[in-house]
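Along the sequence shown, residues carry numbers from 1. As the structure lists them, so they are numbered: ligands from 1, and atoms in each ligand from 1.
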Amino acid sequence: MLRLRRAALFAFVLGPVSLAAQQPAPAGRVGAYVPPRDWPLRRHDFDLIHQRIEVAFNVPRRLVRGVVTTRLVPTAGPTDSVALDAGNLTIDAAIDARGKPLRFRYDTSHVVVRLARRAAQGDTVQFTLRYHTVPERGLYFVPRRRIIWSQGEATETRNWIPTYDAANDKATWEFLVTADTGMRVLSNGRLVGVRPGRDGAHRVWHWSQEKPASTYLYSVVVGPFAVLRDQWRGIPVDYWVSRDTVAAAWRAFGETPSMIEIYSRVLGVPYPWAKYSQSVIPDFTYGGMENVSATTQTDLVLSAAGGPEGGARSLVAHELAHQWFGDLTTAADWSHIWLNEGLTTYMESVHEEKSRGWDAAQLNWWREQQQAMRADSAQARPLVWGRYEGDDPIVLFFSGHVYPKGAQVAHQLRRLLGDS
Ligand SMILES: [Zn+2]
């Protein structure tokens, strides 16, 4: 993820930083280590295997109707019930794999399904939930632009899909999204197909994420997009943009295949997913979000000062790096989020170095250094940090200790260990 300010105001960052550098820096101190709030991992008594998620929308009412089939394996002994995260979902029915009704109960945060018979550790359990909700978070409607978009990180997916909503479990999934004819739907993984809906006014888009990933990376974006198509080593690379921003979008995203090549070579792991799509949407909460194989980005990137090329480059480089750091390898607990965000911020510099040379990388590095020192001066806290107020771990992200300071640690490790 990248916050909006960094992406949208990228060109302005250098000025204030230069001025700040003239001021005497307040003395910082190293903070005492505070154990993460939920240490070491959130515990659950099953392994989530697969979810098949059918959703349809009533846009004027901002309502979601869903049918979600969940397959999981109990891992902590026999059980006769399964609890999933479910934020303010109204559960209409639960049925087992043979279509028989199951008992269930739910409150504002969980749904607990009573299994038809006790499942042993290692058994495969499958059940389907029908539900509806008007989500306050997780799924967002922009009617004036006919756009719908989702945001999972850190703990928003549960507000429109019943799931295990923590990073320390990886599953595969499918989305079957019903949308108005004329709309396009982007989601994770491979497009299985698009078929007509029953009424002729809708189509059903079927996407399949066939390599496991964490559920905060679930993504659906719906809109009247133009899809610009490119490729890297035969893997589809495309850009889902408003039809009136095609030229700016090519300038903003056209470097993506060469970035994928650079990262694949530097990291020694070829780009690991079925495709790479970037969608550009209005009213996005952040600058970008690295939903696996289907990154979401703010449309402000196309009008950034200095033109879309410069404004988008760090954002594109950052979110693409997440396809390795965050999506393929994932911090299991939000207190370790620097492993996602510090390493991707570091990779922005690596991209500058490989594409524009050492001086460009140094400038990037120096800018991060200033931000990291300011963050340390403002608040003494270690890199791994789990103490936060409220329910949303996203507040851990943006103090400056996670992104720029995390990147500094990666630079330091590279300096100590060298490239190998
Ligand atoms: Zn990020």
Original post:
Is Y403 close enough to the Zn ion (ligand 1) to have an N, O or S atom under 2.8 Å?
Top reply: no
Subject >> NE2 (H322) - the Zn ion (ligand 1) - N (M1) angle, nearest 10° >> reply: 80°
**OP:** Run the ring-centre check on W232 versus Y276 and record whether the distance is less than 6.0 Å.
**Re:** no
Subject >> Residues R414 and E353 bridged, charged N to O under 4.0 Å >> reply: yes
Subject >> Test: D376 and K405 ion pair at under 4.0 Å >> reply: yes
**OP:** Take the Zn ion (ligand 1) as the vertex and measure to NE2 of H318 and OE1 of E341; round to 10°.
**Re:** 100°
**OP:** State, yes or no, whether a side-chain contact exists between M289 and E153 at a heavy-atom distance under 4.5 Å.
**Re:** yes
**OP:** Return yes when at least one N/O/S atom of E290 is nearer than 2.8 Å to the Zn ion (ligand 1), and no when none is.
**Re:** no
